[in-house]
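Structure first, commentary second.
Below, chain A is the first sequence line, B the second, and so on; all start at residue 1.
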Number of protein chains: 2
Amino acid sequence: MDQVEVFKALSNKTRLQILNWLKSPAQHFPDQQNADFENVGVCVGQIQMKSGLSQSTISEYLSILQRAELINSTRVGQWTYYKRNEAGFKALEKLINQEL
Amino acid sequence: MDQVEVFKALSNKTRLQILNWLKSPAQHFPDQQNADFENVGVCVGQIQMKSGLSQSTISEYLSILQRAELINSTRVGQWTYYKRNEAGFKALEKLINQEL
DNA sequence: TTGGAATATCGGGAAAAGTCGATATACATT
DNA sequence: AATGTATATCGACTTTTCCCGATATTCCAA
């Protein structure tokens, strides 16, 4: 886990919001049909709509968060679903508590 | 505590190093004479020398870390001493654990 | 197998951050 | 008061980040 990379990923209001939304997907994305929130998460389009930013920006943001190991993705058909990577958050906690 | 501001402050290798140095000043700054590390911390010049970056850059970095509430300063004569603000780190822990 | 929908990637313009040297300020000493 | 030292601030330049629209890719459905 690259320290600077993680903190950079967290240095943006929209990206922090996305992480927060993904904490309780059912609550923040009531529109997503047939969603298996637990297993796969939320698809890019839903996140994009909620954010109000462009599709390309959100796709980019999601890959930044993924490179930082804070989320991970599952491709299902033409959709890519993203969910939180709790192992990454654990590693971040440890980083703050022990290494910073 | 502004979330984005804290993470931006942490998004830089040199600033992370400074925070780490300030964890055990006596070990990282053996040159500082008559230093009351516990009470006041380490002065700007020592940090600057160790970092290898310019005086202005380090002064700026220290104020970024201070605005993020991760360190605080004490002026003593012509020196400004900086030390870690453990309350800020506690707040950061809480942020990670509960709000992110 | 062609068309459409979802996502990713590319290229770019504007804003912010990184970093410097020069200068200003604040304080101490003579 | 004048000089010297430590730090802060300023102006400039370069690099990175923010965000967009356009295009490419991937997959599904007709």
Side-chain angles (χ1 to χ4, degrees), chain A residues 2-19 22 25 29 31-36 40-68 70-83, chain B residues 2-19 22 25 29 31-36 40-68 70-83:
Chain A
D2 179 321
Q3 302 189 185
V4 172
E5 185 175 42
V6 175
F7 291 129
K8 276 190 177 168
L10 294 170
S11 297
N12 176 283
K13 190 154 195 155
T14 303
R15 289 194 296 265
L16 288 177
Q17 245 172 352
I18 292 172
L19 291 174
L22 294 180
F29 302 95
D31 292 353
Q32 182 166 307
Q33 301 297 325
N34 308 320
D36 185 353
V40 295
V42 181
C43 72
V44 180
Q46 293 289 317
I47 297 170
Q48 187 257 312
M49 277 180 12
K50 194 170 174 74
S51 76
L53 295 184
S54 74
Q55 189 272 321
S56 54
T57 297
I58 294 305
S59 178
E60 169 74 5
Y61 281 9
L62 290 169
S63 84
I64 288 170
L65 289 170
Q66 186 164 35
R67 274 198 299 279
L70 295 170
I71 61 178
N72 42 43
S73 65
T74 316
R75 184 100 200 201
V76 178
Q78 39 195 159
W79 293 273
T80 307
Y81 295 89
Y82 285 92
K83 62 181 299 203
Chain B
D2 179 323
Q3 302 189 184
V4 172
E5 186 176 41
V6 175
F7 292 129
K8 277 190 176 166
L10 294 170
S11 297
N12 176 283
K13 190 157 196 152
T14 303
R15 289 194 297 265
L16 289 177
Q17 246 171 352
I18 292 172
L19 291 174
L22 293 180
F29 302 95
D31 292 351
Q32 182 167 306
Q33 301 297 325
N34 308 319
D36 185 355
V40 294
V42 181
C43 73
V44 179
Q46 293 288 315
I47 298 170
Q48 186 256 312
M49 277 180 12
K50 195 171 171 73
S51 76
L53 295 184
S54 75
Q55 189 274 320
S56 54
T57 297
I58 293 305
S59 179
E60 169 74 3
Y61 280 10
L62 290 169
S63 85
I64 288 170
L65 290 170
Q66 185 164 36
R67 273 198 300 278
L70 295 170
I71 62 179
N72 42 43
S73 66
T74 315
R75 185 101 201 201
V76 177
Q78 38 195 160
W79 292 274
T80 308
Y81 294 89
Y82 284 91
K83 63 180 299 202

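For the atom pair NZ (A:Lys83) and CD1 (A:Ile71), the distance works out to 12.0 Å, reported to the nearest 0.5 Å. Note: B:Lys8 NZ to B:Asp2 CG = 9.0 Å, rounded to the nearest 0.5 Å. A distance of 12.5 Å separates OG1 of A:Thr14 from NZ of A:Lys50, quoted to the nearest 0.5 Å. Put simply, CD1 on B:Ile64 and CD1 on B:Ile58 are 10.0 Å apart, with the number rounded to the nearest 0.5 Å. Distance check, rounded to the nearest 0.5 Å: CD of A:Gln48 to CG of A:Leu53 gives 8.0 Å.
In the 5' to 3' direction, nucleotides of DNA chain D lying under 4.0 Å from heavy atoms of chain A begin and end at D:dT16 to D:dC28.
What separates CG of A:Leu62 from P of C:dA6 is a distance of 16 Å, to the nearest Å. As a whole-Å value, the separation of B:Lys8 NZ from C:dA15 P is 14 Å. Between the CG atom of A:Asn12 and the P atom of C:dA15 there is a distance of 17 Å, given to the nearest Å. With rounding to whole Å, A:Phe7 atom CZ is found 17 Å from C:dA17 atom P. Note: CD (B:Gln48) to C1' (C:dG18) measures 16 Å, nearest angstrom. Spacing between atom NZ of A:Lys13 and atom C1' of C:dA16 amounts to 17 Å, rounded to whole angstrom units. Between the OH atom of A:Tyr61 and the P atom of C:dT9 there is a distance of 16 Å, rounded to whole Å.
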At under 4.0 Å between heavy atoms, which parts of nucleotides 23-30 of chain C does protein reach? Answer with one letter per nucleotide, 5' to 3': B base, S sugar-phosphate only, - none. ----BS--
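Of all heavy-atom pairs between A:Ser54 and A:Thr57, the closest is OG-OG1, 2.9 Å. Nearest heavy atom pair, residue B:Ala9 against residue B:Leu65, reads O-CD2, 4.0 Å. In plain terms, the two heavy atoms of A:Phe7 and B:Leu10 that are nearest each other are CD1-O, 3.4 Å.
The shortest distance between the side-chain N/O atoms of A:Ser63 and the OP1/OP2 oxygens of C:dA8 is not below 4.0 Å. At C:dA8, one or more side-chain N or O atoms of A:Tyr82 fall inside 4.0 Å of OP1 or OP2 (strictly under the cut-off).
Nearest-nucleotide positions on DNA chain D for A:Leu53 and B:Gly45 put B:Gly45 closer to the 5' end. Both B:Glu60 and A:Thr57 lie near DNA chain D, and the one whose nearest nucleotide falls closer to the 5' end is B:Glu60.
Here A:Thr80 lies in heavy-atom contact (under 4.0 Å) with sugar-phosphate atoms only. Using a 4.0 Å heavy-atom criterion, one finds that A:Ser11 contacts the sugar-phosphate atoms exclusively.
Under the rule for a side chain to side chain donor-acceptor pair (under 3.5 Å), B:Thr80 has no partner lying at least two apart in sequence or in another chain.
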